[in-house]
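Heads up: the structure comes next, in structure tokens.
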Protein chains: 2
Amino acid sequence: MPRRRQAVTIKHVAADAGVSLQTVSRVINAEPNVREEMRERVQASIDRLGYIPSIAAQRMSGSRSYLILALNDRDRTLEAWRARQGSDWVDQMLLGGMLKCAEHGYRMLFELVDTHDDHVERELAATLASLQPDGVILTPPHSDNPLITGFLQSRRVPFARIGSKGKNGGIPIVMGDEDAAREATQRLIALGHRRIGFIAGSKEYSLSDWRKAGWLGAMKEAGLPVDGLCLRGDFSYDSGLAAARALLELSPRPTAIIASNDQMALAALDAAAQMDIAVPAALSIVSFDNTPVTTFANPPLTAIDQPIAETVSCAVELLIAESRGEELLARPVNIPARLIERASTGPVPVAG
Amino acid sequence: MPRRRQAVTIKHVAADAGVSLQTVSRVINAEPNVREEMRERVQASIDRLGYIPSIAAQRMSGSRSYLILALNDRDRTLEAWRARQGSDWVDQMLLGGMLKCAEHGYRMLFELVDTHDDHVERELAATLASLQPDGVILTPPHSDNPLITGFLQSRRVPFARIGSKGKNGGIPIVMGDEDAAREATQRLIALGHRRIGFIAGSKEYSLSDWRKAGWLGAMKEAGLPVDGLCLRGDFSYDSGLAAARALLELSPRPTAIIASNDQMALAALDAAAQMDIAVPAALSIVSFDNTPVTTFANPPLTAIDQPIAETVSCAVELLIAESRGEELLARPVNIPARLIERASTGPVPVAG
DNA sequence: GTGAAAGCGCTAACAA
DNA sequence: TTGTTAGCGCTTTCAC
């Protein structure tokens, strides 16, 4: 194989413009201490020659790699991809992350990491050593994994923790879980519902309890009963089915159910169908996440959207700022989630 | 910002093992001309120190970047992500590509490129210059874009063209479109169907005609009529709806329809429902691609799976081999597609 | 089979 | 404000 060289290097530009390498470097990096006249001359040469800096070389000498690394849970991501249930978590991450990276001349690289692996540190070390990203984005459940956050802190690599509030370093960013749960509950209350069941998610994710807290808060503020109305699932369809059935066997029966993710909401929908309970005539259902499946359900599910693209976009912005040594906003950052009303919710049934 | 240095470099390993840098380099790259004893000694130092080569440095001096670049159409990809219809094309690419890359110590980087942009070449040049990937994967419609293929050829960058057969350089890889269309048609014929309609896809994609050719071939081999039974859509739901309605208004009516993608098949399903034609009792429907939506349709759609993950995995394998100067298989490579039978197909109705 | 030297493209530190 | 020098970590010559 022929040794592939850079076609146009900083040397060519320097020679062409009749300046030193350093001056070209300063222009590329928009550094101060360059006369406007010089800058223009150099820029002209850059444009004429079509010069593009090599990020490998920049990384070698400088402190920036122009790479942001997004780390997702290996098992869960592969499982979701293989199941082909239309979960678009990764796509939304790319949508938000890639576009924002591109704005700043960065690239986003996607990696999978084993959470439960004893070798997490070694795996992470290897990735950081070979890529040397300027920032790392952690998603649940990595965001709260002390092995990972501790390691990144020790390496002084800027990182964002999506779906996490704790003080484990980095930039915590939450997606409005509690507020949205409260808002959805209040909306159901406004529709006349009094007995509103809640299917919580796995304790492994912090957001499970935030979502529950939103429901609980709204119910208590309205002076409504909550005893026995909250059951815990684990985000799986099966766990949602069991929880929904149990809720629907209560007497008096809840007239609405909020499920902590779409799969469990789908299960609630099926449970209702099996028990001949019409949705939304006799039962309203609200789900969390708003993955594509919500629109294919029958009826389509009212859902709280998870603003993944916006969140990752924000994470990238903050990481780039931090890697440049800029000051950051107050923490944790909260990206609000919206309620998308579809056909699975309606007024409380008259006869209860 | 402090200058971030590599923690453990090849120098540390060399010092630790008491050998030259060169010997360590040879061990890392599994090159010949190293005594087994030496190799073991160096490897022990590498393991003990937890040494990981910096890909930036490797790229700087050597000829490999350990990066494979996947290029997708910008507008179409963003539109799909924003529409949130559960298309998992990108996810399947990542599934196949990332895992295969990881096997070889490579990384896969995902980029979006404007097809219709006049600046394609400039955009591509910039990406190649800054990343210097060892291989590029093109997806439709980039695979047949002469501006892109020509540019990659001139730069001598190994590239794969997915969904393309033509002689535009690189490694063409097709996903069994014609064979699968033939097989699906034969399956319908075996179920007793005689009048089988076909909704073709946009001419912008070569695979549209391959799919049609498979249907046409099977029909002719079986001596069945095809006149008026093939209408062309553009892969959109609306175009599918129009085509399906037209087919269902024919007399005698087709008892089966093959749509060239899932959205058009979904439209056919809806057209049938609107015309009170039961599926599969009075009409069988087969779709192409097998995106997640097929399982959510009512009834779930029988579909020809598009083996994206496998195809990208294969592309990565071949690109890495080519970048190492190895010989390649015969071209074009064909990755077979399977027919997934669900509830939208059945025996031909007795009364026609 | 192994090692020494040169250089990849770029930037930090320093000198002018 | 500009230029010079010395690396960054690694691989490629080319000696031995």
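Below, read A as the first sequence line, B as the second, and so on, with proteins coming before strands; counting in each chain starts at 1. All of these numbers come straight from a predicted model, not from anything done at the bench.
Put simply, the residue from Asn145(A), Ile162(A), Thr149(A), Ile173(A) that forms a side-chain contact (heavy atoms from CB on, under 4.5 Å) with Leu138(A) is Thr149(A). Residue His142(A) forms a side-chain contact (heavy atoms from CB on, under 4.5 Å) with just one option from Ile148(A), Asn72(A), Val136(A), and that option is Ile148(A).
The shortest distance between the side-chain N/O atoms of Lys11(B) and the OP1/OP2 oxygens of dC8(D) is below 4.0 Å.
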(Q) Assess the residue pair Leu319(B) and Ile171(B) against the criterion (side chain to side chain contact (heavy atoms under 4.5 Å, CB included)); give the C-alpha distance rounded to whole Å, side-chain angles, the decisive distance to 0.1 Å, and a yes or no. (A) CA-CA 8 Å; Leu319(B) 286 173; Ile171(B) 308 165; 4.1 Å; yes
Polar-atom pairs under 3.5 Å, protein N or O versus N or O of nucleotides 1-5 of chain C: list them with distances, or write none.
| unit_1 | atom_1 | unit_2 | atom_2 | d |
| --- | --- | --- | --- | --- |
| dG1(C) | OP2 | Asn33(B) | OD1 | 2.8 |
| dT2(C) | OP1 | Arg35(B) | NE | 2.8 |
| dT2(C) | OP1 | Arg35(B) | NH2 | 2.9 |
| dT2(C) | OP2 | Arg35(B) | N | 2.7 |
| dT2(C) | O4 | Arg26(B) | NH2 | 3.4 |
| dG3(C) | OP2 | Ser20(B) | N | 3.2 |
| dG3(C) | OP2 | Ser20(B) | OG | 3.0 |
| dG3(C) | OP2 | Thr23(B) | OG1 | 2.4 |
| dG3(C) | O6 | Arg26(B) | NH2 | 2.8 |

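If you take OH of Tyr66(A) and P of dG9(C), they are 18 Å apart, rounded to a whole angstrom. One interatomic measurement links the two molecules: CD of Gln132(A) to C1' of dG9(D), which rounds to 9 Å at whole-angstrom precision. When rounded to the nearest whole Å, the span between CE of Met60(B) and P of dC8(D) equals 13 Å. As a whole-Å value, the separation of Ile10(A) CD1 from dC8(C) C1' is 13 Å. Counting to the nearest Å, the P atom of dG9(D) and the CZ atom of Arg59(A) are 9 Å from each other. Computed from coordinates, the Arg64(B) CZ to dC10(D) C1' distance equals 12 Å when rounded to whole Å. Atom CD in Glu37(A) sits about 13 Å away from atom C1' in dT2(D), given to the nearest Å. Rounded to whole Å, the distance from CZ on Arg41(A) to P on dT1(D) is 16 Å.
A donor-acceptor contact under 3.5 angstrom links the side chains of Ser206(B) and Asp144(B), judged on distance only.
Atom CZ of Arg39(A) sits in a crowded spot, with more than 12 heavy atoms from other residues, nucleotides or ligands closer than 6.0 Å. Around atom CD of Glu79(B), no more than 12 heavy atoms belonging to other residues, nucleotides or ligands sit under 6.0 Å away.
Legend: residues meeting ring-ring contact (aromatic ring centres under 6.0 Å, His included) with Phe159(B), ordered by chain and number and at least two apart, are absent. Every residue meeting the ring-ring contact (aromatic ring centres under 6.0 Å, His included) condition with Tyr66(A), not counting sequence neighbours, appears here in chain and number order: Tyr106(A).
Contacts between residues 48-58 of chain B and DNA chain C, defined by a heavy-atom separation below 4.0 Å, involve no residue at all.
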I'd like a table of donor-acceptor pairs (distance under 3.5 Å, sequence neighbours excluded) in which one partner is a side-chain atom from residues 23-37 of chain B, with atom names and distances.
| unit_1 | atom_1 | unit_2 | atom_2 | d |
| --- | --- | --- | --- | --- |
| Thr23(B) | OG1 | Ser20(B) | OG | 3.2 |
| Asn29(B) | ND2 | Ser25(B) | O | 2.9 |

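Looking only at side-chain heavy atoms (C-beta outward), Cys101(A) and Arg107(A) stay at 4.5 Å or farther from each other.
Taking a cutoff of 4.0 Å between a charged side-chain nitrogen and a carboxylate oxygen, Glu111(B) and Arg74(B) do not qualify as a salt bridge.
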(Q) Let's test your reading of the pairing rules: Watson-Crick or G-U wobble, both distances under 3.5 Å, then write DNA chain D as a dot-bracket string with ( ), [ ], | and dots. (A) ||||||||||||||||
